[in-house]
Amino acid sequence: MPELPEVENVRRSLIPHLVGHTIRSASLLRPDICTTDSGHPPSPASLLCDATIDRIERKGKQLAVIATDGRVLSIHLGMTGQVLARATPPDPSEKHVHALWTTSTNPSNPSFILFKDPRRFGGLWTFPSIASLHALRWSLLGPDALDAPPDAWSAALRRGHRPIKAALLDQTSVAGVGNIYADEALFRTGIRPTTSTHRLTIAAATALAANVQALLAQAVEAGGSTLRDYRNADGVAGTQQLERHVYGRSSRTCLRCGSPLQTAQVGQRTTVWCPKCQPARTIRSDSVKH
DNA sequence: AGGATAGCCTGCGGGC
DNA sequence: TGCCCGCAGGCTATCC
């Protein structure tokens, strides 16, 4: 399941396959996965046909492939989305290939880019301009959890009246935090996920934001953490699985103190925490690591 | 208006 | 072995 570090690795691995290249053809095998700014069905041009790619940007978990003429194709991987570069076209029997591009500066040696997504929680969004991307989508997101200084969004984590876990997952607070890193960052900071945002001290929010960013940066450098079907554009899985202290360790014991981990739904998400390392009242804002 | 909830989807693993 | 069910969750629409 791609989170921000996986999306960032997809971005980086796509650069050599796309930037500086011209899209020769674009086809949408599942039109319903694509949303256009106009509401009209996507044209080949809106899918970047005949465009030369200038750069690939990321905000939170969303990618934007930007052409030299300003056209934008935004890609969301959702739960199970993959963008894969291939030297040969996909076999017609290959399941869940929803979009296909050929891209090459040399027509006799085409390469293929596939968008694959079994669960179809991901999708494509087309925009005529970068301004349109920002106006319709990216302005709705908070600062990027990896690139923006934690000081720029730690205050947003204290907004509203809800569990801190819900604030972390709210993409308008900070963009890019998913369930795995939310739970892991809360563990590392010693904050119980159910803690109300209005009870979170400024120091605790600051420490939490710093830990979120440190964990994300660590995972990016590890090539993304491989959970289930994550692959970068070259089909390569994350190199090393970062140690997870709580996420996915339901009904096991804490790696730090040995206490049985606790599991509950918080912010409509399965949440795991250590009742001892993440106490209900005391907020250990001094537990920043690394 | 902010926060809670439902729904979208398929693959997989556990239980029987 | 094979079937059924629960679960995984990012994001949007809708409700309260």
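- Note: CG (Asp170(A)) to P (dG9(C)) measures 17 Å, nearest angstrom.
- For the OP1/OP2 pair of dC9(B) and a distance below 4.0 Å, the side-chain nitrogens and oxygens of His96(A) include no atom meeting the criterion.
- Evaluation of the salt bridge (Lys or Arg N to Asp or Glu O under 4.0 Å) rule for Arg30(A) yields Asp32(A) as partners, not counting sequence neighbours.
- One can place CG of Leu63(A) at 16 Å from P of dG10(C), the figure rounded to the nearest angstrom.
- For Thr22(A) and Thr52(A), the side-chain atoms include at least one donor-acceptor pair closer than 3.5 Å.
- Using a 4.0 Å cut-off, no side-chain N or O of Lys95(A) falls inside it from OP1 or OP2 of dT10(B).
- Rounded to an integer number of Å, the gap from Leu168(A) CG to dG9(C) P is 15 Å.
- At whole-Å resolution of the value, CD1 in Ile33(A) and C1' in dC8(B) are 14 Å apart.
- Side-chain polar atoms of His17(A) and Asp234(A) form a donor-acceptor pair below 3.5 angstrom.
- In this structure, CH2 on Trp153(A) lies 10.0 Å from OG1 on Thr206(A), to the nearest 0.5 angstrom.
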Using a cut-off of under 3.5 Å, enumerate the N/O to N/O pairs linking the protein to nucleotides 11-13 of chain C.
from	atom 1	to	atom 2	distance (Å)
dT12(C)	OP1	Arg137(A)	NH1	2.5
dT12(C)	OP1	Arg137(A)	NH2	2.7

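- The base of dC9(B) is paired with the side chain of Arg119(A) by a donor and an acceptor separated by under 3.5 Å.
- Side-chain contact, Thr103(A) with Ser111(A): no donor N or O sits under 3.5 Å from an acceptor N or O.
- A donor-acceptor contact closer than 3.5 angstrom links the side chains of Asp117(A) and Thr80(A).
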Show the atom names and distances, to 0.1 Å, of all donor-acceptor pairs under 3.5 Å that link a side chain in residues 120-136 of chain A to residues at least two apart or in another chain.
from	atom 1	to	atom 2	distance (Å)
Ser129(A)	OG	Ser132(A)	N	3.1

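- One can place NZ of Lys59(A) at 17 Å from C1' of dG10(C), the figure rounded to the nearest angstrom.
- For Ser13(A), the side-chain hydrogen bond (donor to acceptor under 3.5 Å, both in side chains) criterion is met by no residue, not counting sequence neighbours.
- Distance OH (Tyr181(A)) to P (dG9(C)): 13 Å, rounded to an integer number of Å.
- Here the C1' atom of nucleotide dT14(C) and the CD atom of Gln268(A) are 14 Å apart, to the nearest Å.
- Each of dG9(C), dT5(B), dG11(B) was ranked by its minimum atom distance to the side chain of Thr270(A); first place goes to dG9(C).
- Here the P atom of nucleotide dG10(C) and the CE atom of Met79(A) are 7 Å apart, to the nearest Å.
- In terms of the side-chain hydrogen bond (donor to acceptor under 3.5 Å, both in side chains) criterion, Asp50(A) has no residue partners (sequence neighbours excluded).
- Each end of the helix from dG2(B)-dC16(C) to dC16(B)-dG2(C) yields a helix axis from five base pairs, and these two axes differ in direction by 40° (to the nearest 10 degrees).
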